[in-house]
Amino acid sequence: MLKDYQLLRIPGPTPIPPSVQLAMTKPIIGHRDQETKDLLKRIKPSLKKIFGTKEEVVILAGSGTAGMEAAVVNTVSPGDEVLVVVTGSFGDRFAKICEAYNLHVHKLEYDWGKALNPEEIKTYLTKHPMIKAVFATHCETSTSVLNPIHKLSASIKEVSDALIIVDGVSSVGGVEMKMDEWQIDVCITGSQKALMLPPGLAFVATSQRAWTIIEKNNQSSHFYLDLRKYQNNIQQDSTPFTPALSLLFGLEQSLQLMEEEGLHNIIKRHKTMKNMTRNAFKALGIPLLTNDKDASPTVTAVKPTDFDPDRLRKILKEKFGLVLAGGQNHLKRKIFRFGHMGYCTPADVLQTISCIELGLANIGKLYSLGIGVNAAQVTYLQEEFHEI
Ligand code: PMP
């Protein structure tokens, strides 16, 4: 196979558009010069739109986890009671970060593949009124569940003043996020998912309510992750430390592409890709990990019953350069995950399903080609052209 060829279809990092790649080759500029201020000034409005907020969105040089850790260390202090909703490995990561900072961690765990239950969380908060913050994951990438964050927020508000802190790493930019309207206090994302950039940036958006708490928080130890520094700077179109300038050049271009397509269309494209993928696997008779209601538009987890998903993944990589993700923790060798977010279109879904069918044929698990592709095509026709 041609060596320099890859179809990266994992749920992040994702491929990036050529124009974004090109933008990142621009010569470095002085990070305290007017050009950098102008760049940040141009970036800010589009970023706010993607989060659904009027508040500032701060940009950290670090991966998504840096954003999660920033959310923890700035909002609560050692000994504080927090509730972490765990629906998979990234909820688990939030709990581990909270434990590392000596918080009193309550965990509500759900079976991997299931979504959180807002009513249950409401009841839990009623019984534990000292809980100061609730941490939850929007798209749980490890299982491909999209948790109903707007419903969770509404339920929490009925019984508690706890801050609502959301990991939107694999949702923001591909799925609707209305931070202000849904009354989310902190929302985090990373660059390498729906934002169509390489890894390396974390974004943290914070509500006014959270700011009043963060501003007064002197109990927690932090320096690089002190959001007050970032907030004070971003208000003046600057950053407290040297920003990842090349990634910011890329960010400006990816936001430009997103503006041109329109958020509404981006969300619709992701939904179409989800439905095409799910219908393809249903037609092929291969079970999905999540039900239709809880399924994320950015990633699909497939749970075959009669073959080893890692064997299929190995063949796809060898024959087509197609890279799918495996399962994490107890789902290792039980599932494979197809990331369809960011720089990914329905045409890519058709190609991926088509390659998967050939891979299945190769391991003796497909007897008639085209069934999955056909289902995906029909879904596309129905969704995009309202035909059939
Ligand atoms: N949260 C979610 C939902 C994720 O998908 C990821 C990355 N896969 C992370 C957090 C962690 O991000 P990073 O690897 O960039 O630190």
Side-chain angles (χ1 to χ4, degrees), residues 8-16 50-51 58-73 84-98 100 109-110 112-116 134-149 152 164-177 179 184 186-205 224-225 244 247 250-251 254 270 274 289-290 294-301 323-329 331-332 335-342 344:
L8 187 62
R9 294 289 162 232
I10 61 174
T14 59
I16 60 172
I50 289 165
F51 278 82
V58 303
I59 308 172
L60 282 66
S63 81
T65 307
M68 296 168 77
E69 187 157 340
V72 173
V73 291
V84 184
V85 184
V86 180
T87 54
S89 93
F90 293 104
D92 206 42
R93 182 167 303 178
F94 244 154
K96 288 197 174 98
I97 297 171
C98 289
E109 297 194 60
Y110 290 86
W112 288 35
K114 298 270 183 318
L116 60 78
V134 179
F135 293 86
T137 319
H138 194 194
C139 169
E140 178 47 78
T141 324
S142 63
T143 64
S144 79
V145 160
L146 186 76
N147 281 305
I149 289 300
L152 172 69
I164 303 169
I165 299 174
V166 174
D167 169 356
V169 171
S170 62
S171 64
V172 171
V175 177
E176 187 168 68
M177 168 50 71
M179 211 187 135
I184 306 295
V186 183
C187 183
I188 303 129
T189 198
S191 49
Q192 77 275 25
K193 307 267 181 172
L195 294 186
M196 307 188 289
L197 288 165
L201 295 180
F203 303 85
V204 185
Y224 185 74
L225 295 179
L247 288 170
L251 176 62
S254 68
H270 283 82
K274 169 188 79 170
L289 180 66
T290 58
D294 300 336
S296 172
T298 55
V299 52
T300 299
V323 189
L324 299 173
Q328 294 176 318
N329 296 16
L331 290 179
K332 240 183 205 138
I335 62 167
F336 65 88
R337 292 172 299 146
F338 168 16
H340 34 76
M341 70 180 101
C344 187

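All ligand and atom numbering here is 1-based and tracks the order in the structure.
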Engineer: With a 4.5 Å heavy-atom cut-off, do P198 and I16 have their side chains touching?
Structural biologist: yes
Engineer: Applying a heavy-atom cut-off of 4.0 Å, say which part of A66 lies close to ligand 1: side chain, backbone, both or neither.
Structural biologist: neither
Engineer: Which heavy atom of I335 sits nearest to which heavy atom of S142, and what is that distance?
Structural biologist: CD1-O, 3.7 Å
Engineer: So do the side chains of R93 and D167 get within less than 4.5 Å of each other, counting heavy atoms only?
Structural biologist: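 With C-beta onward as the side chain, the pair stays apart.
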Engineer: Answer with yes or no whether C139 contacts ligand 1, where contact means a heavy atom under 4.0 Å from a ligand atom.
Structural biologist: yes
Engineer: Report the part of H138 (side chain from C-beta onward, or backbone N, CA, C, O) that has a heavy atom under 4.0 Å from ligand 1; answer both or neither where that applies.
Structural biologist: neither
Engineer: Please list the nearest protein heavy atom to atom 7 (C) of ligand 1 with its residue and the distance rounded to 0.1 Å.
Structural biologist: K193 NZ, 3.2 Å
Engineer: What residues form a ring-ring contact (aromatic ring centres under 6.0 Å, His included) with H340, not counting sequence neighbours?
Structural biologist: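 Result, ring-ring contact (aromatic ring centres under 6.0 Å, His included) vs H340: F338.
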Engineer: Can you tell me which residue and heavy atom of the protein come closest to atom 6 (C) of ligand 1, and the distance to 0.1 Å?
Structural biologist: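 Checking every protein heavy atom, the shortest distance to atom 6 (C) of ligand 1 gives F90 CE2, 3.3 Å.
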Engineer: Return the minimal non-hydrogen interatomic distance between Q328 and W112, and the atom names on each side.
Structural biologist: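 The answer is O-CZ3, 3.7 Å.
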Engineer: Tell me whether ligand 1 is touched by R93 - counting only heavy atoms on the residue side and a distance under 4.0 Å.
Structural biologist: yes
Engineer: Is ligand 1 less than 4.0 angstrom away from at least one heavy atom of Q192?
Structural biologist: yes
Engineer: Using heavy-atom distances, let me know which of V299, I188, T65, D167 sits nearest atom 2 (C) of ligand 1.
Structural biologist: D167
Engineer: If every non-hydrogen atom of G88 is compared with every non-hydrogen atom of T143, which pair is closest and at what distance?
Structural biologist: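 Closest heavy-atom pair between G88 and T143: CA-CG2, 4.4 Å.
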Engineer: Got V86 and F94 here, is their nearest side-chain heavy-atom distance under 4.5 Å?
Structural biologist: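 Of all side-chain heavy-atom pairs linking F94 with V86, none is under 4.5 Å.
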Engineer: Show the atoms of ligand 1 that are less than 4.0 angstrom away from any heavy atom in S63.
Structural biologist: 13 (P), 15 (O), 16 (O)
Engineer: Run the numbers for me: atoms of ligand 1, each under 4.0 Å from some heavy atom of M68, listed by number.
Structural biologist: 10 (C)
Engineer: Does any donor atom in the side chain of T87 or N147 lie under 3.5 Å from an acceptor atom in the other side chain?
Structural biologist: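 A pair is found: one side chain offers a donor N or O, the other an acceptor, under 3.5 Å apart.
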Engineer: Which is closest to atom 5 (O) of ligand 1 in terms of heavy atoms, T137, T189, T141, L201?
Structural biologist: T141
